[in-house]
Colleague: 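Following this message is one structure expressed as C-alpha coordinates.
Note that these values count all heavy atoms, side chains included, but never hydrogens, waters or copies made by symmetry.
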Amino acid sequence: MKVNDRVSVKTDGGPRRIGTVLAMEPFNEGTMFLVALEDYPLGIWFFNESDHQDGIFVEPYSAG
(Lines give C-alpha, C1' and ligand atoms only; values in the text may rest on other atoms or scores of the structure.)
Protein backbone atom coordinates (compact mmCIF):
# COMPACT_ATOMS: atom_id res chain seq x y z
CA MET A 1 0.00 0.00 0.00
CA LYS A 2 1.07 3.56 -0.59
CA VAL A 3 -0.12 7.16 -0.06
CA ASN A 4 -3.48 7.89 -1.76
CA ASP A 5 -4.46 4.19 -1.92
CA ARG A 6 -8.04 3.35 -0.92
CA VAL A 7 -8.09 1.00 2.06
CA SER A 8 -10.50 -0.66 4.45
CA VAL A 9 -9.77 -0.48 8.16
CA LYS A 10 -10.90 -2.71 11.02
CA THR A 11 -12.38 -0.80 13.95
CA ASP A 12 -13.55 -2.03 17.35
CA GLY A 13 -17.03 -3.49 17.35
CA GLY A 14 -18.11 -2.27 13.94
CA PRO A 15 -17.90 -2.99 10.25
CA ARG A 16 -14.75 -2.25 8.24
CA ARG A 17 -14.56 1.37 7.11
CA ILE A 18 -13.25 2.76 3.83
CA GLY A 19 -10.62 5.49 3.72
CA THR A 20 -7.55 6.88 1.96
CA VAL A 21 -3.93 6.56 3.10
CA LEU A 22 -2.47 10.01 3.87
CA ALA A 23 0.92 8.89 5.24
CA MET A 24 2.88 5.79 6.20
CA GLU A 25 5.60 5.27 8.82
CA PRO A 26 7.53 1.97 8.93
CA PHE A 27 8.57 0.52 12.30
CA ASN A 28 10.45 -2.65 13.27
CA GLU A 29 7.17 -4.31 14.32
CA GLY A 30 5.08 -3.15 11.38
CA THR A 31 3.72 -0.03 9.70
CA MET A 32 1.66 2.94 10.91
CA PHE A 33 -0.92 4.25 8.43
CA LEU A 34 -2.53 7.69 8.69
CA VAL A 35 -5.95 7.10 7.12
CA ALA A 36 -8.60 9.71 6.27
CA LEU A 37 -12.07 8.38 7.12
CA GLU A 38 -15.41 10.15 6.70
CA ASP A 39 -15.52 10.94 10.45
CA TYR A 40 -11.78 11.79 10.57
CA PRO A 41 -10.93 13.66 7.32
CA LEU A 42 -7.58 14.84 8.72
CA GLY A 43 -6.64 11.24 9.43
CA ILE A 44 -6.39 8.74 12.24
CA TRP A 45 -3.44 6.39 12.85
CA PHE A 46 -3.76 2.61 12.50
CA PHE A 47 -0.94 0.12 13.14
CA ASN A 48 -0.36 -3.08 11.17
CA GLU A 49 1.80 -5.64 12.99
CA SER A 50 4.05 -7.43 10.52
CA ASP A 51 4.10 -10.81 12.33
CA HIS A 52 0.55 -11.20 13.66
CA GLN A 53 -2.58 -11.63 11.48
CA ASP A 54 -4.86 -10.33 14.28
CA GLY A 55 -2.78 -7.13 14.25
CA ILE A 56 -3.62 -6.24 10.63
CA PHE A 57 -6.05 -3.32 10.69
CA VAL A 58 -5.44 -1.71 7.27
CA GLU A 59 -5.99 -3.68 4.06
CA PRO A 60 -6.20 -2.71 0.37
CA TYR A 61 -9.74 -1.92 -0.78
CA SER A 62 -11.28 -2.73 -4.12
CA ALA A 63 -14.88 -1.80 -4.84
CA GLY A 64 -15.23 -4.79 -7.17
Side-chain angles (χ1 to χ4, degrees):
M1 290 177 282
K2 60 187 184 319
V3 172
N4 294 322
D5 279 358
R6 297 286 286 163
V7 294
S8 71
V9 296
K10 177 172 59 172
T11 58
D12 287 337
R16 294 188 73 85
R17 297 167 70 182
I18 307 306
T20 303
V21 176
L22 300 176
M24 297 170 52
E25 288 288 331
F27 290 91
N28 290 339
E29 304 85 17
T31 305
M32 292 287 292
F33 293 90
L34 182 62
V35 179
L37 300 173
E38 185 176 311
D39 296 347
Y40 299 95
L42 297 180
I44 187 168
W45 287 101
F46 293 90
F47 183 69
N48 274 6
E49 294 179 54
S50 56
D51 294 333
H52 198 279
Q53 185 59 35
D54 287 339
I56 302 298
F57 292 88
V58 182
E59 296 180 332
Y61 175 76
S62 67

Colleague: Check whether Arg16 reaches the backbone of Phe57 with its side chain - one donor and one acceptor, N or O, closer than 3.5 Å.
Modeller: yes

Colleague: Taking Val7 as the starting point, is it possible to reach Ile18 by hopping between hydrophobic residues whose side chains are less than 4.5 Å apart?
Modeller: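 Different clusters: Ile18 never reaches Val7 through Ile, Leu, Val, Met, Phe, Trp or Tyr contacts under 4.5 Å.
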
Colleague: Are Phe47 and Leu22 co-members of a hydrophobic cluster defined by side-chain heavy atoms under 4.5 Å apart?
Modeller: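 Yes.
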
Colleague: Please check: side-chain N/O of Asn48 versus main-chain N/O of Val58, any donor-acceptor pairing under 3.5 Å?
Modeller: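 Looks like yes, one N/O pair under 3.5 Å.
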
Colleague: Is the shortest side-chain heavy-atom distance between Phe46 and Leu37 below 4.5 Å?
Modeller: yes

Colleague: Of all heavy-atom pairs between Met24 and Val3, which one has the smallest distance, and what is that distance?
Modeller: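 Taking every non-hydrogen atom into account, SD-N, 4.2 Å.
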
Colleague: Any sub-3.5 Å donor-acceptor pair from Lys2's side-chain atoms to Val21's backbone N or O?
Modeller: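 Judged by distance alone, no pair lies under 3.5 Å.
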
Colleague: Got Thr31 and Met1 here, is their nearest side-chain heavy-atom distance under 4.5 Å?
Modeller: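 Thr31 vs Met1: side chains apart.
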
Colleague: So, does Ser50 use its side chain to make a donor-acceptor pair with the main chain of Glu29 at under 3.5 Å?
Modeller: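 Here the side-chain-to-backbone pair exists.
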
Colleague: Take atom CG of Asp51 as the centre, draw a 6.0 Å sphere, and report whether it contains more than 12 heavy atoms from other residues, nucleotides or ligands.
Modeller: no

Colleague: With the side chain counted from C-beta on, respond yes when Val35 and Tyr40 share a heavy-atom pair under 4.5 Å apart, and no when they do not.
Modeller: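 Sidechains of Tyr40 and Val35: no contact.
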
Colleague: For Ala36 and Pro41, which heavy atoms make the closest approach, and how far apart are they?
Modeller: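 Taking Ala36 first and Pro41 second, the nearest heavy atoms are CB-O, 3.5 Å.
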
